[in-house]
Amino acid sequence: MLNSEYWQKRYLKDDASWDIGAPSTPLKDYIDQLENKDLRILIPGCGNSYEAEYLLEKGFKNVHLLDYSLLPLMNFKNRNPSFPDQQLHCEDFFSHQGSYDLILEQTFLCAIDPSLRTKYAEHIYALLAESGKLTGLLFDCDFDKKGPPFGGDKAEYTNYFRSLFHFQTFEKAYNSIAPRAGRELFIILKKRLLPSR
C-alpha cells in the first residue's frame with residue numbers, strides 16, 4: 001500500500017533514491033525564466049523539496065508544498081524556519097483543494113500507482129486556475145522492479161493529458177542530470193478551457 005505510512009518509513013530508513021539533494025536542472029532552468037513572483041505554485045509529492053527552496057531564493061512567496069509524509073515537510077521547515085506553516089500540506093494529493101497558477105511535477109507521478117494516472121491528470125486540472133500550467137519531468141522509461149518508481153512513455157502520458165491540456169512542450173529533456181539523461185520528458189501543459197456541461 002502506497003499510503004502515508006509507507007512513505008514515512010521510506011524517509012525514516014533514508015530510502016529516498018529519488019532525492020538528488022538539489023533542484024533538478026530542467027526545473028531550475030524553468031524557474032529562472034519565470035518573471036511573475038506572485039504565481040501561486042504547488043509542488044505535490046514534494047519530498048525534501050529543493051525546488052521550493054530555490055523558488056524562495058528567487059523571490060517567490062506563494063509556494064505550497066504537499067506530501068503524504070510529514071517527515072520531508074519537517075525537514076524542509078527545519079531548513080527554512082520562516083516558511084509559513086499554512087503553506088505546508090501533509091495530506092493525500094487527491095483530497096487537496098486549492099487554486100494554483102503553476103504545479104511543478106518532480107518524481108510524483110512515478111510514485112503513485114499507474115491505475116491512478118487518469119485521476120491524477122483530472123485532479124491536476126481541477127487544482128489549476130484558468131490558464132494554469134503543469135510543468136515538470138516524467139520518466140520516459142520502464143523500471144525492472146515492482147513498486148515505485150513506476151515508468152511510462154510519451155504515448156501513455158499523452159492519453160491522460162490530451163483532452164485536458166494544450167501541450168506547449170512535451171519532449172525529451174536536454175538538460176537532465178547525468179543519471180537520468182535520455183530517460184526524462186520535460187512538459188509544459190496549459191489548462192484547456194473546456195465547455196461547461
Side-chain angles (χ1 to χ4, degrees), residues 1-32 34 37-113 116 120 123-124 127-128 134-139 143 145 147-151 173 175-180 183-184 186-187:
M1 293 292 292
L2 302 179
N3 55 21
S4 58
E5 184 180 352
Y6 169 86
W7 293 109
Q8 187 81 353
K9 285 179 179 176
R10 292 280 300 260
Y11 281 104
L12 285 169
K13 291 192 290 186
D14 199 22
D15 181 15
S17 56
W18 60 88
D19 190 319
I20 61 174
S24 67
T25 310
L27 281 177
K28 183 175 179 290
D29 290 351
Y30 177 77
I31 291 167
D32 284 343
L34 292 176
K37 306 296 184 183
D38 295 323
L39 288 172
R40 296 165 295 173
I41 301 171
L42 174 68
I43 306 178
C46 63
N48 287 314
S49 205
Y50 304 102
E51 285 78 15
E53 216 155 4
Y54 189 66
L55 283 162
L56 296 179
E57 289 173 18
K58 300 290 284 187
F60 293 87
K61 302 292 185 189
N62 203 350
V63 180
H64 290 253
L65 307 183
L66 186 154
D67 204 282
Y68 226 172
S69 172
L70 182 60
L71 190 55
L73 294 173
M74 291 171 59
N75 291 343
F76 180 86
K77 180 70 174 179
N78 288 338
R79 298 195 316 267
N80 302 275
S82 63
F83 190 81
D85 290 343
Q86 66 270 23
Q87 290 170 222
L88 295 170
H89 308 276
C90 185
E91 62 184 287
D92 182 352
F93 163 74
F94 295 104
S95 301
H96 183 67
Q97 301 296 313
S99 180
Y100 301 97
D101 304 302
L102 176 64
I103 296 177
L104 293 180
E105 165 61 47
Q106 168 67 10
T107 66
F108 178 52
L109 181 62
C110 72
I112 62 176
D113 191 284
L116 295 172
Y120 163 95
H123 197 55
I124 290 285
L127 289 171
L128 285 171
L134 170 66
T135 299
L137 295 160
L138 304 174
F139 277 117
F143 296 98
K145 65 182 192 66
F150 300 102
N175 53 352
S176 296
I177 61 171
R180 298 178 184 171
R183 301 194 304 154
E184 291 184 310
F186 184 71
I187 60 168

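Note that the structure is predicted; figures quoted are calculated from it, not measured.
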Shortest non-hydrogen contact between [X] and [Y], atoms and distance:
X: F186; Y: L137; value: CD1-CD2, 3.9 Å
X: P23; Y: E51; value: CA-OE2, 3.4 Å
X: L27; Y: G136; value: CD2-CA, 3.8 Å
X: C90; Y: S69; value: SG-C, 3.9 Å
X: S49; Y: L65; value: OG-CD2, 3.4 Å

When rounded to the nearest 0.5 angstrom, what distance separates [atom1] in [X] from [atom2] in [Y]?
X: Y68; Y: S95; atom1: OH; atom2: OG; answer: 7.0 Å
X: K37; Y: L55; atom1: NZ; atom2: CG; answer: 8.5 Å
X: T135; Y: Q106; atom1: OG1; atom2: CD; answer: 12.5 Å
X: F139; Y: C110; atom1: CZ; atom2: SG; answer: 5.0 Å
X: S24; Y: N175; atom1: OG; atom2: CG; answer: 8.5 Å

For the residue pair H123 and F94, categorise the inter-ring angle as parallel (less than 30°), tilted (30 to 60°) or perpendicular (more than 60°).
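H123 and F94: tilted rings.
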Can you see whether E105 engages Y120 through a side-chain donor-acceptor pair at a distance of less than 3.5 angstrom?
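Their side chains do contain a donor-acceptor pair, which is all the 3.5 Å distance test asks for.
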Are a donor atom and an acceptor atom from the side chains of D38 and N62 found within less than 3.5 Å of each other?
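Distance-only check fails for D38 and N62.
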Backbone N/O of C46 and side chain of D67: donor-acceptor pair under 3.5 Å:
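Here the side-chain-to-backbone pair exists.
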[X] versus [Y]: any side-chain heavy-atom pair under 4.5 Å?
X: F83; Y: F76; answer: yes
X: I124; Y: F93; answer: yes
X: I103; Y: I41; answer: no
X: N48; Y: R79; answer: yes
X: L34; Y: L102; answer: yes

Working for side chain to side chain contact (heavy atoms under 4.5 Å, CB included), residues L138 and E184
CA-CA 6 Å; L138 304 174; E184 291 184 310; over 6 Å; no
Charged N-O contact under 4.0 Å between K58 and D32:
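D32 and K58: salt-bridged.
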Could you walk me through whether F60 and Y54 pass ring pair (Phe, Tyr, Trp, His ring centres under 6.0 Å), step by step?
CA-CA 9 Å; F60 293 87; Y54 189 66; 9.1 Å; no
Begin from the C-alpha positions of L128 and L42 and carry the test side chain to side chain contact (heavy atoms under 4.5 Å, CB included) through to its verdict.
CA-CA 9 Å; L128 285 171; L42 174 68; over 6 Å; no
Take a 6.0 Å sphere around NZ of K61 and say whether it holds more than 12 heavy atoms from other residues, nucleotides or ligands.
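Open.
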Please step through side chain to side chain contact (heavy atoms under 4.5 Å, CB included) for the pair F108 and L66, ending with a clear verdict.
CA-CA 11 Å; F108 178 52; L66 186 154; 5.7 Å; no
So among H96, R40, H89, Q87, which one has a side-chain hydrogen bond (donor to acceptor under 3.5 Å, both in side chains) with H64?
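One option only clears the test, and that one is H89.
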